[in-house]
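This report refers to the structure that appears directly beneath it.
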There are 2 protein chains.
Amino acid sequence: MKEMLNERGYKATPARLAILDIFSKSKFPINAEIVYKNISKIKALRKTNEATIYRTLLSLESCGILKRINLRKNSAYFELADDHHHHIVCTKCNEIEDFENSELEKILGGIVVKSSKFKNVREHSLELFGLCRMCA
Amino acid sequence: MKEMLNERGYKATPARLAILDIFSKSKFPINAEIVYKNISKIKALRKTNEATIYRTLLSLESCGILKRINLRKNSAYFELADDHHHHIVCTKCNEIEDFENSELEKILGGIVVKSSKFKNVREHSLELFGLCRMCA
DNA sequence: TATTAAATGCAAGTTGTTTGCAAGTAGAAT
DNA sequence: ATTCTACTTGCAAACAACTTGCATTTAATA
């Protein structure tokens, strides 16, 4: 993880390493508050400031390590950007399931070709919202 | 427009009618600030309070007249919910183009079938981000 | 036209996030 | 190992986008 940061011109500070670790252990996207709570549990880092969390999330996002996800919440959720997939979110209990679909990606890749105004598409955000079996 | 509101149990106040009118004339999604600026231009409504805009947007969203859109901005954008489509957003100049694709919708409709945890999907949000011809 | 639940204006509060600045620290250079 | 310096952090204050409480007004119905 240290190299991952240094390669991109970032110093590998304890807070950053811990935050990366928190993300790598999380099975679903998390927000600044959750990162803060988790990092606060580590004795050596218990005094980490919230501003540090926000700044770190921004840095890790802009160098491509983290990806920002739209979950229709009023805070920003992130996850490791290592693989491309989307989410199904339960609007009642917030359960999240990942999914991917290559056919879908193919169609999305072709959309811009048909556009008159757009030249290229770099990213897309796709999230499904519904009810999980428990809540339905 | 009056009936549209009354049918759903809302009073057709001048502010609401004006807000609906602003949306029906806008060719792209807009946020509370833009609605506020536009309604302020109308002499009779120039004193309309921002809280009213926020409350109205919420009401119109929850009764299904407006739809909330994720454009990766830090404010909420809305548009009339009359037809289903998605957006391509230029990350540089914010130009927005609508698109729809029936094949895509079909695939999205089938996703939940393959899911172990989810029973049904009610909505989805899909936005593409890239560069328009001008900015590319 | 009188009634009343719903809508509004105003001011203050909240939430999530950002910023300025002084002090601390990782990593490069000695 | 020590020094240097740009990058990081903590802290407190500022911000933006909303939300809320409450007194007043008003659209819709009777």
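So you know, we letter chains A, B, ... as the sequences are listed, proteins then strands, and number each from 1. Both backbone and side-chain heavy atoms feed into the values below; hydrogens, waters and symmetry mates do not. Note that the structure is a prediction, hence the values are computed from the model and not measured.
An OP1 or OP2 oxygen of dA28(D) is reached within less than 4.0 angstrom by a side-chain nitrogen or oxygen of Asn6(B). Between Lys47(A) and the phosphate of dT9(D), there is no side-chain N or O to OP1/OP2 separation shorter than 4.0 Å.
Taking atom CD of residue Glu50(A) and atom C1' of nucleotide dT9(D), one finds them 14 Å apart after rounding to whole Å. Rounded to an integer number of Å, the gap from Asn74(A) CG to dA16(D) C1' is 13 Å. When rounded to the nearest whole Å, the span between CG of Leu45(B) and P of dT26(D) equals 12 Å. Computed from coordinates, the Tyr54(A) OH to dA12(D) C1' distance equals 16 Å when rounded to whole Å. Atom CD in Glu33(B) sits about 10 Å away from atom P in dC18(D), given to the nearest Å. Distance CZ (Arg68(B)) to P (dC18(D)): 7 Å, rounded to an integer number of Å.
Taking the centre of each ring, His124(A) and His84(A) come in below the 6.0 Å mark.
A donor N or O paired with an acceptor N or O is not found under 3.5 Å between the base of dG10(D) and the side-chain atoms of Arg46(A).
If Asn31(A) and Arg55(A) are placed on DNA chain C by their nearest nucleotide, the residue sitting closer to the 5' end is Asn31(A).
No more than 12 heavy atoms of other residues, nucleotides or ligands sit less than 6.0 Å from atom NZ of Lys37(A). Crowding of Lys92(A) atom NZ: a count of heavy atoms from other residues, nucleotides or ligands under 6.0 Å not exceeding 12. Annotation for Phe28(A): atom CZ does not count as buried by contact number, only 12 or fewer foreign heavy atoms lying within 6.0 Å.
Salt bridge Glu95(A)/Lys117(B): present, at least one basic N to carboxylate O contact under 4.0 Å. Classification of Arg72(B) and Glu123(A) as a salt-bridged pair holds, one side-chain N sitting under 4.0 Å from a carboxylate O.
Where DNA chain C meets chain A (any atom under 4.0 Å from a heavy atom), the bounding nucleotides read 5' to 3' are dG16(C) to dG27(C).
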Test side-chain hydrogen bond (donor to acceptor under 3.5 Å, both in side chains) on Glu97(B) and His85(B); report intermediate values, then the result. CA-CA 10 Å; Glu97(B) 183 175 31; His85(B) 65 268; over 6 Å; no
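Here Ala76(A) lies in heavy-atom contact (under 4.0 Å) with sugar-phosphate atoms only. Residue Lys73(A) is out of contact with every strand shown, counting any heavy-atom pair closer than 4.0 Å. At a threshold of 4.0 angstrom between heavy atoms, the contacts of Thr48(B) are confined to the sugar-phosphate backbone, with no base atom among them.
Going from atom CG of Leu104(A) over to atom CD1 of Ile111(B) covers 5.5 Å, rounded to the nearest 0.5 Å.
Near DNA chain D, meaning a heavy atom under 4.0 Å from it, residues 7-30 of chain A has Gly9(A), Tyr10(A), Lys11(A), Thr13(A), Ala15(A), Arg16(A) in order of number.
With Glu79(A) as the fixed residue, the side-chain contact (heavy atoms from CB on, under 4.5 Å) test singles out one of His87(A), Arg68(A), Lys27(A): His87(A).
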